[in-house]
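Proteins get letters first, then strands, A, B, ... in listed order; numbering begins at 1 in each.
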Number of protein chains: 2
Amino acid sequence: MVSSTAEFTEVLSFFKALSDESRLKIVGALSSEERSVDELAGMLNLRAPTVSHHLARLKEVSLVTMRTEGTTHFYALNVDAMRDLSKRVLALKTVENIGRVVSEDAYEQKILKDFLVGERLKEIPASRKKRDVILRWLVNFFEEGKEYTEKEVSAIIAVHHPDFATLRRELICAKLLDRAKGLYWRI
Amino acid sequence: MVSSTAEFTEVLSFFKALSDESRLKIVGALSSEERSVDELAGMLNLRAPTVSHHLARLKEVSLVTMRTEGTTHFYALNVDAMRDLSKRVLALKTVENIGRVVSEDAYEQKILKDFLVGERLKEIPASRKKRDVILRWLVNFFEEGKEYTEKEVSAIIAVHHPDFATLRRELICAKLLDRAKGLYWRI
DNA sequence: CATCTAATTAGATGTATATCAAATTATGGC
DNA sequence: GCCATAATTTGATATACATCTAATTAGATG
């Protein structure tokens, strides 16, 4: 089991390696046969150091291998690595794992930081998404399994914001609180 | 039948689109559900314009779609396009096609070498294929967005070959130059 | 050993682009 | 119609890196 972030950097390196015109051409040129640096430079109309640089980058991610013959270096496409990497990188599961790297938590933290001063709500967010974050925070001030009168609910909310009526209604609407016969409870 | 070079640029764009840390994270974040620009900005700890920019790039290559709700724009991963592109990129045939792009390039180099002495054209190639290579080289002596009189066009061509009339007509025919009311410009 | 060639490394330069702040556009609520 | 919010556009800046030349390394050859 590889960590999500390790997988992320691997996938990113793969894309970076192939996201350059010259490198992609090199990979194409090597798909049929191994070639020397000089030969590739001729085909791509680039100087040798440039090609050398690109080959080094491709080698870093194991996409090519090198074989020395005298002073000549023959590079070949690592077909197995190519197939393995692309298969793994392009798998849907991988994309989902990347999602894990980006924590939703970060977003919620930011909202709370933006709208709270201590435990006091500066204002009620206008956007539904942000309001939901605040409401999920707010509902934590109610014990699970306990029933409250409307007066108690309002009092608890009022600690955090004067407009308890709106917030009480929103909590119901967001299905975080439920109500029957004048009594409220957490869902 | 798609041309090799068209396929090449498509594959390259795909890799370029995913070769940035932020964009890769965005794709990951969208793998589970659609999200607003603001939300993504919060999750990635970036400003909204930056995220907007990245989403535009992802949209260019059809990797995401957008849905408007009030002033909020919800972006979603285009799973079909993602799978489609991945499958194609994965195919071995694609890599081989890329190889063909390189040879085409090399081919063009050879033509130019064969028909040019310095910047002077030895003769106008008889075969269409070779003539096209020469014409694409020739049109580079015209600035993009600038308009030329017929006299100017002829003068520029004459620097490279005496038969400017034929070449001027060929440039129009190859849709490399366009003309109206006696003025010429690059397409 | 001197020299030639192939490749790499080092250093310089230019271009592409990721990012942000400020300005602008678009929409919804009052 | 005015204000607030979300998004985009614009313009500026800064960083990454593709490419080149020059210098260096390493093997082959006379």
Determine, step by step, whether A:H160 and A:R120 satisfy the side-chain hydrogen bond (donor to acceptor under 3.5 Å, both in side chains) criterion, reporting the C-alpha distance in whole Å, the side-chain angles of both residues, the deciding distance to 0.1 Å, and the verdict.
-> CA-CA 4 Å; A:H160 308 288; A:R120 192 130 190 102; over 6 Å; no

Selected nucleotide, minimal atom distance to [X] side chain, candidates [options]:
X	options	value
B:R57	C:dA7, D:dC20, C:dA18	C:dA18
B:S36	D:dA7, C:dA18, C:dA7	D:dA7
A:D38	C:dA7, D:dT19, C:dA18	C:dA7
A:L46	C:dT19, C:dT8, D:dC20	D:dC20

Taking for each residue the nucleotide of DNA chain C with the nearest heavy atom, is it B:H54 or B:P49 whose nucleotide lies nearer the 5' end?
->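 Of the two residues, B:H54 wins.
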
With DNA chain D as reference, determine whether A:K130 or B:A56 sits nearer its 5' end, using the nearest nucleotide of each.
->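 Its nearest nucleotide lies further toward 5', so the answer is A:K130.
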
Starting at the 5' end of DNA chain D, which residue's closest nucleotide do you reach first, B:S52 or A:A48?
->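 The residue mapped nearer the 5' terminus is B:S52.
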
Residues from residues 63-73 of chain B sitting under 4.0 Å of DNA chain D, heavy atoms only?
->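 Listed by number, they are B:T71, B:T72, B:H73.
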
Between the side chain of A:K16 and the main-chain N/O of B:S19, is any donor-acceptor distance below 3.5 Å?
->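 Flag set: sc A:K16 to bb B:S19 pair under 3.5 Å.
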
Please tell me if the side chains of B:F8 and B:E10 come closer than 4.5 Å, counting only heavy atoms from C-beta onward.
->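 No, every pair of side-chain atoms sits at 4.5 Å or beyond.
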
Sort out the partner of D:dG30 for me: Watson-Crick or G-U wobble, both distances under 3.5 Å, none otherwise.
->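 Partner of D:dG30: C:dC1.
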
Sort out for me which residue in A:K129, A:R128, A:K130 forms a salt bridge (charged side-chain N to carboxylate O under 4.0 Å, His left out) with A:D132.
->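 It is A:R128, the one option of A:K129, A:R128, A:K130 that forms the salt bridge (charged side-chain N to carboxylate O under 4.0 Å, His left out) with A:D132.
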
Assign the ring pair A:F141 / A:W137 to parallel, tilted or perpendicular, where the plane angle (0 to 90°) is split at 30° and 60°.
->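 A:F141 vs A:W137 ring planes: perpendicular.
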
Would you call the rings of A:F14 and B:F15 parallel, tilted or perpendicular, where under 30° means parallel and over 60° means perpendicular?
->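 It falls in the perpendicular class, over 60°.
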
